[in-house]
Amino acid sequence: MTAPSTDPSPAVGAGTPAATSAARRVLAVRGLSVRFKMRDGRHVAAVSDATFDLAAGECLAFVGESGCGKSVLASALLGLLPANARTAGSAVVDGVELLGAGERTLARTVRGRRIGLVPQSPAAHLTPVRTVGAQLAETVSALTGLRGTEAREAALTAAARAAFPAGHLDRYPHELSGGLAQRAATAIALVGDAPLLLADEPTTGLDRELVDHTADELRRHADEGRALLLITHDLAAAARTADRVAVMYAGRIVEVASADAFFGGPGPRHPYARGLLNALPERQFAPIPGLPPELGDLPAGCAFAPRCARADDACTVLPRLAGGVACHHAEEDPHV
């Protein structure tokens, strides 16, 4: 079996502007793997050998079906994995190694300060006994040092950026709809303007107009010289926001491309990535056949092979991520 590559150049280089350099790098991930040890002794490979960079002024969108490892990757960066998780590799943000960092370091110097989080489950990240306005003001004070009227004004500004209505700031989390809770969590994440903003499904529960508003506000975070890591099922939001797209399947990055190439011409090169786009109603509205594999029972070769019309004997060997794609048949004409 061919071992997966840990050379960062394929993942970093695909679609990256020539101006990207180590001096502008905000996040550097090398060979990040996450395994969960189950009670029956099995190990579930949730993320395998993820390698990528993210520069200031850039948005990288991770896309893929549910269960492919996107949110686990995000949790690993923030030190929010459960106790049965084991990590390997390296992840450095703004000069701080995240993997293996203690809770004190993560809580005091990383979360909110170096990495802002728009969580996938906002209700779990909002304090139930404090109003949204109070939580925003407290976050402003903790991250910026502002107090009193200045803190309240900054809280109002953050709420407006996330399209959270000022008239709802005195409400408690249980009084909010799912969409309002999502906007409240987004407002809190925007406080402090962290060098890296990690947005995990930030448009969940929002109508299309608010999706576009949220995508544009997240994009502004990058345009002002910071970095944005977007994790989403919403390919329209990714197309609106991202500079590059990383496609995950069964815990592995299988393609990294510029957003222009991915959503326009020439389009995705990996059969799975092409299938994601072709499943959209405005495209072919054709579902990808079959189901993703169990992460606790992955094949030795390409995990997508059982669902792929082009699979052959070559696919029994795990393809390396090279030139921005991990597929033995990436250069073949997809229309043949």
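When reading the values below, keep in mind they use all heavy atoms of this one structure, side chains included, and skip hydrogens, waters and symmetry mates. Please read all numbers here as calculations on a predicted model, not as lab measurements.
Of the possible polar contacts, one joining the T131 side chain to the A134 backbone as a donor-acceptor pair under 3.5 Å is found. With hydrogens and angles ignored, the 3.5 Å screen pairs no side-chain donor or acceptor of T241 with any backbone N or O of R219. No donor-acceptor pair under 3.5 Å is formed between the side chain of Q182 and the backbone N or O of L206. For the pair T109 (side chain) and L106 (backbone), a donor-acceptor distance under 3.5 Å is absent. A side-chain donor-acceptor contact under 3.5 Å links R147 to the backbone of S141. Looking only at distances, a side-chain donor or acceptor of E97 sits under 3.5 Å from a matching main-chain atom of A91. Checked by atom type and distance alone, the side chain of R152 never pairs as donor or acceptor with a backbone atom of A137 at under 3.5 Å. Side-chain atoms of S177 come within 3.5 Å of backbone atoms of L180 as a donor-acceptor pair (strictly under, hydrogens ignored). In terms of modelled atom types and a separation under 3.5 Å, the side chain of T232 and the main chain of A238 share no donor-acceptor contact.
Counting heavy atoms from C-beta outward, R244 and E58 have side chains that approach closer than 4.5 Å. For the pair V247 and H270, the minimum side-chain heavy-atom distance is 4.5 Å or more. Between I188 and P122, the closest side-chain pair of non-hydrogen atoms is not below 4.5 Å. Counting heavy atoms from C-beta outward, C59 and H221 have side chains that stay 4.5 Å or more apart. Under the 4.5 Å side-chain criterion, counting only non-hydrogen atoms from C-beta, H329 is in contact with C315. The closest side-chain heavy-atom distance from R252 to L318 is below 4.5 Å. Two residues are said to be in side-chain contact when any heavy atoms from C-beta on lie closer than 4.5 Å; R111 and T105 fail this criterion. Counting only heavy atoms from C-beta outward, the side chains of P281 and R283 never approach each other to under 4.5 Å.
Atom CZ of R220 sits in a crowded spot, with more than 12 heavy atoms from other residues, nucleotides or ligands closer than 6.0 Å. Around CG of D313, the count of heavy atoms belonging to other residues, nucleotides or ligands within 6.0 Å does not exceed 12. In this structure, E209 places its CD atom where only 12 or fewer heavy-atom neighbours from other residues, nucleotides or ligands lie under 6.0 Å away. For E175, the CD atom is densely surrounded, since the number of other residues' heavy atoms within 6.0 Å is greater than 12.
L196 contributes atom CG, which lies 9.5 Å from atom CG of D94 (distance to the nearest 0.5 angstrom). Rounding to the nearest 0.5 Å places CG of L218 at 11.0 Å from CG of D223. Note that CG of D207 and NE2 of H213 are 11.5 Å apart. Values are rounded to the nearest 0.5 Å. In this structure, the separation between CG on L197 and CG on L117 is 8.0 Å, given to the nearest 0.5 Å. Remark: R171 CZ to H174 NE2 distance equals 10.0 Å, nearest 0.5 Å.
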Going through the distances and angles, do T186 and R183 end up as a side chain to side chain donor-acceptor pair (under 3.5 Å)? CA-CA 5 Å; T186 300; R183 282 181 270 169; over 6 Å; no

Quick one, R35 with S48, criterion side-chain contact (heavy atoms from CB on, under 4.5 Å). Give me CA distance, side-chain angles, the key distance, then yes/no. CA-CA 8 Å; R35 301 286 184 272; S48 297; 3.4 Å; yes

Evaluate side-chain contact (heavy atoms from CB on, under 4.5 Å) for I115 paired with L98, printing each intermediate quantity in order. CA-CA 11 Å; I115 304 178; L98 302 174; 3.9 Å; yes

For D193 and R161, run salt bridge (Lys or Arg N to Asp or Glu O under 4.0 Å): C-alpha distance rounded to whole Å, both residues' side-chain angles, the deciding distance at 0.1 Å, then the answer. CA-CA 12 Å; D193 290 325; R161 290 175 65 186; 3.4 Å; yes

Evaluate side-chain contact (heavy atoms from CB on, under 4.5 Å) for V254 paired with F304, printing each intermediate quantity in order. CA-CA 10 Å; V254 296; F304 186 63; over 6 Å; no

Chi angles and distances behind the side-chain contact (heavy atoms from CB on, under 4.5 Å) call for L54, R25: CA-CA 6 Å; L54 185 55; R25 186 183 300 139; over 6 Å; no

Chi angles and distances behind the salt bridge (Lys or Arg N to Asp or Glu O under 4.0 Å) call for D53, R30: CA-CA 9 Å; D53 281 351; R30 300 289 181 268; 2.8 Å; yes

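Between F164 and H168, the ring-plane angle classifies as perpendicular under the 30° and 60° cut-offs.
The minimum heavy-atom distance linking H328 with V317 is given by the pair NE2-O, 2.8 Å. The shortest non-hydrogen separation linking G31 to T51 is N-OG1, 2.9 Å. N84 and R86 make their closest contact through C-NH1, 3.6 Å (heavy atoms, listed as atom of the first residue, atom of the second, distance). The nearest pair of heavy atoms linking G57 to D243 is O-OD2, 3.9 Å. For L295 against G251, the heavy-atom pair with the smallest separation is CD2-N, 4.3 Å. Of all heavy-atom pairs spanning P202 and L230, the tightest one is CG-CD1, 3.5 Å.
Between R208 and D234 a salt bridge is recorded (basic side-chain N to carboxylate O distance below 4.0 Å).
Criterion: ILVMFWY side-chain heavy atoms under 4.5 Å apart, direct or through other members. Under it, L27 and L80 are part of a common hydrophobic cluster. Residues V245 and M248 do not share a hydrophobic cluster, clusters being chains of Ile/Leu/Val/Met/Phe/Trp/Tyr side chains in contact below 4.5 Å. Neither L228 nor V191 shares a network with the other; the hydrophobic side chains, linked directly or stepwise wherever heavy atoms of I, L, V, M, F, W or Y lie under 4.5 Å apart, form separate groups for each. One hydrophobic cluster, built from ILVMFWY side chains closer than 4.5 Å, cannot hold both L235 and L229; they sit in different ones. Grouping the Ile, Leu, Val, Met, Phe, Trp and Tyr side chains by contacts below 4.5 angstrom, directly or via other members, places V96 with V26.
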Show the atom names and distances, to 0.1 Å, of all donor-acceptor pairs under 3.5 Å that link a side chain in residues 61-74 to residues at least two apart or in another chain.
from, atom 1, to, atom 2, distance (Å)
E65, OE1, Y272, OH, 3.0
E65, OE1, R307, NH1, 3.1
E65, OE2, R307, NH2, 3.4
S66, OG, H233, NE2, 3.0
K70, NZ, G64, O, 2.9
K70, NZ, E65, O, 3.4
S71, OG, Q120, OE1, 3.2
S71, OG, D200, OD1, 3.1
S71, OG, D200, OD2, 3.0

